[in-house]
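Note sheet for the following structure.
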Amino acid sequence: MDSTTTENPVKHRWRMVANLRRAVLMLFVFGQTAIASYYLLWVLPYHGGTALEIGMLVLFAILYAWIAVGFWTAVFGFVIRLMGGDRHSILKRHTEAELLETPLAKTAVLLPIYHEPVHWTLSGLKAVYRDIERTGQIEHFEFYILSDSRDPDVWLEEQVAWNQLAKDLGGEGRIFYRRRPVNLNYKSGNVADFLRRWGKRCKYMVVLDADSLMTGSTIVRMVRLMEREPGVGILQTNPNIINGQSLFARIQQFANRFYSTLFANGLAAIQMGDAAFWGHNAILRIEPFMNHCGLRKLPGIGIFGGPIMSHDFVEAAYMGRAGYEVWLEPGLGGSYEESPPTLADELSRDSRWAKGNLQHLWVMLREPGLRFAHRMAFLNGIMAYVASPLWLGFLILTTIAAAQMTLSPIEYFPDGHQGLFPLWPEWRPEWALGLALSTLALLFLPKFLAILDAMIHRFTKEFGGLFRLFCSVMLEILISVLLAPLRMWAHSRYVVSALLNVSLQWAGQNRTEETGWKEAFITQLPGMVLGGGWSAFAWSLDTMFFLWSLPVAVPLILAAPTAVYLSRNSLGQALKKRKLLLIPEESIAMPLLEDAVRYRSHELANSTLTPLEQAVLRLDHNRLHQALAWDHRHGSRKAELEASVARCLKEGPEALSRSEMSQIARDRQSLKALHEGAWRASPGSFWGRCIARLSAQTK
């Protein structure tokens, strides 16, 4: 199928419904924003008569409209659920009996990884494998571990863990491992490398993240839906966050699990077949993906030149341009991921995402043939980060306006005002209060709509009961208020850094460590100083302005203790014991999640040797790595490798750079020479001491 394929009647019907829903959404958003902007215009002393007030009005309108989009999306979701679900969704097009009689096609399950905790990550894949096995359909699936890891200690451990995983599952010939020798174009390049080598083996691919878990029944159901819907190129699930331990992770987990019921249903109802792809926990049709979704490097300068970092939205847009549909289907369920355990880890991830999302501005404005809905998805992703510097800019302009009103004489003939009569400044505090309340309603009313939805559909018990659910929502609101200024300050820095094209390091995600006081003060000190200084300046200007500044200033001042205490696992577990911030998956037995916890909790045999040292000394490991290596001793490389091997045998791995050690570990003859040479080493040498530790370990 390509862009010239004749559209079927169902496609025409959903497009008409989608256009109507989007028109209603825009009417509500822009109408409400126009009213709010009018109110602000009359709240301002000169009613927009100065350049400063015009700037405040423009920033306010942009921010208000963006918040209104989220509000009305949640309202759409609430209404859709009241009506029993979206009858136009692809899941509602087919009965369960029709799906069960649909044969499966060959499907690849991809796990791209980069410097992840090896045992933890592959234990998750093991749980997914076992759950598909329980469906009785495992013969239709192949599994590919696609590594971009650069550290030899990491990827050598990956190879051993993959080999053991295949043996444990009886999955030889079904579970594959591939490490790219050259790391190009991030995750999208990793997937592209798989497609070039093995893309024609399977009809579909299910893409996972290192922290992804999906039930076997959901994966099988997705394949069957794709078989019945040949016009669908990507089917995206709505992943729920699970396994949160720290207070921060449990807050994110609760918010995602509880509120996303409305937001995901509303988003799916508005986007319909023009949905976004989130990069994981989704199924993709391989042939059109290979034909139409290749990512070229951006041709611009700075941030708008080079490889695209955030590939997923772009691939969805390209799939739509080729005539295929992209659907978000919240009704699938059984799709999970994990949250960063600390605020520092979330912000570290956001620093990468900010740059990737800003690159989408070039694609949105310059790429021909994209559907309007996908361009709006780009804009929404860009606003997720640009909203922060816009908010910061609004606060700066507000502070300047307050300072002018306090420190400068009143201007009766402000910028651009002409005429014989002066422009008298007016204050309307009651209008300002109404405007503030309407903004708070946009932010917080969806959270209480979610409570009403839970009461209507009778699933409050799954969240600990109505009282505990209400307490959990109030606690989440309090924490979100504390975190909003911190994210604003961090995201503003990230946007500026991205526009200046500051280089970023892509690293594996921390999944266990708590934030220490020293780290918190070092990372949060600039924001704390900013908050304290702004609050002090506001106090010197005016008491009311000082009180107005506190919701932003206080969280910034408390940034370090907030980051430390939110990272504490003990606080998260204490609330869990009291059934606060509870989610259904914590009280309902699920084989997939139980397997993942059990496999990950299995203690590996402690070794005093690094994976690299084991690769040299242990015969079974050495032979495995030799089997996966190549012969690189050609031309001048032969002398270089021989010299590196000799230096490693004489002085140990620390004498070589990571690149040199990687070159040795990728060469079959070098691995063999290292093994033989190390076992001939004298007892007092580096390798002799390693052999002694290995012998003591095996006794």
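In this text, all values refer to a predicted model and were calculated from it rather than measured experimentally.
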> Taking all atoms of both residues into account, what is the closest heavy-atom pair of V154 and V118, and its distance?
Replying inline: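 Shortest heavy-atom contact: O-CG2, 4.1 Å.
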>> Looking at every non-hydrogen atom in both residues, tell me the closest pair between V645 and I664 and how far apart they are.
In response: N-CD1, 3.9 Å
> What's the verdict on side-chain contact (heavy atoms from CB on, under 4.5 Å) for E142 and F176, showing C-alpha distance, side-chain angles and the deciding distance?
Replying inline: CA-CA 8 Å; E142 293 180 347; F176 305 95; 4.2 Å; yes
Determine, for [X] against [Y], whether the closest basic-nitrogen to carboxylate-oxygen distance falls under 4.0 angstrom.
X: E338; Y: R600; value: yes
X: E139; Y: R174; value: no
X: R668; Y: D631; value: no
X: E287; Y: K203; value: no
X: D667; Y: K672; value: no
X: E367; Y: R296; value: yes
X: K187; Y: D209; value: yes

> Do Y129 and F143 have ring centres separated by under 6.0 Å?
Replying inline: yes
> Quick one: are the ring centres of Y385 and H491 less than 6.0 Å apart?
Replying inline: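 Under 6.0 Å, so yes.
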>> List the residues meeting salt bridge (Lys or Arg N to Asp or Glu O under 4.0 Å) with E642, not counting sequence neighbours, and say none if there are none.
In response: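 Applying salt bridge (Lys or Arg N to Asp or Glu O under 4.0 Å) to E642 gives R633.
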Quick one: does [X]'s side chain get under 4.5 Å of [Y]'s, heavy atoms only?
X: L111; Y: L146; result: no
X: P181; Y: R666; result: yes
X: H374; Y: R321; result: no
X: W278; Y: N238; result: yes
X: M205; Y: V109; result: no

> Do M590 and T215 pass the side-chain contact (heavy atoms from CB on, under 4.5 Å) test, and can you show the C-alpha distance, the side-chain angles, and the key distance before you say yes or no?
Replying inline: CA-CA 9 Å; M590 293 187 63; T215 62; 3.9 Å; yes
>> Walk me through whether C202 and T107 qualify under side-chain contact (heavy atoms from CB on, under 4.5 Å).
In response: CA-CA 5 Å; C202 299; T107 302; 5.7 Å; no
>> Can a side-chain donor-acceptor contact be found between N256 and Q252 if the only test is distance below 3.5 angstrom?
In response: no
Would one find more than 12 heavy atoms of other residues, nucleotides or ligands at under 6.0 Å from atom [atom1] of [X]?
X: R366; atom1: CZ; value: no
X: E172; atom1: CD; value: yes
X: K650; atom1: NZ; value: no

>> Given the ring of W353, does R349 sit roughly above its face, with NZ or CZ under 6.0 Å from the centre of the six-membered ring and within 45° of the axis?
In response: yes
>> Would H675 and W679 count as a side-chain contact (heavy atoms from CB on, under 4.5 Å) here? Give the steps.
In response: CA-CA 6 Å; H675 177 72; W679 278 98; 3.3 Å; yes
>> Does the plane of the ring in H621 sit parallel, tilted or perpendicular to the ring in H625? Use 30° and 60° as the thresholds.
In response: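 Correct class here is perpendicular.
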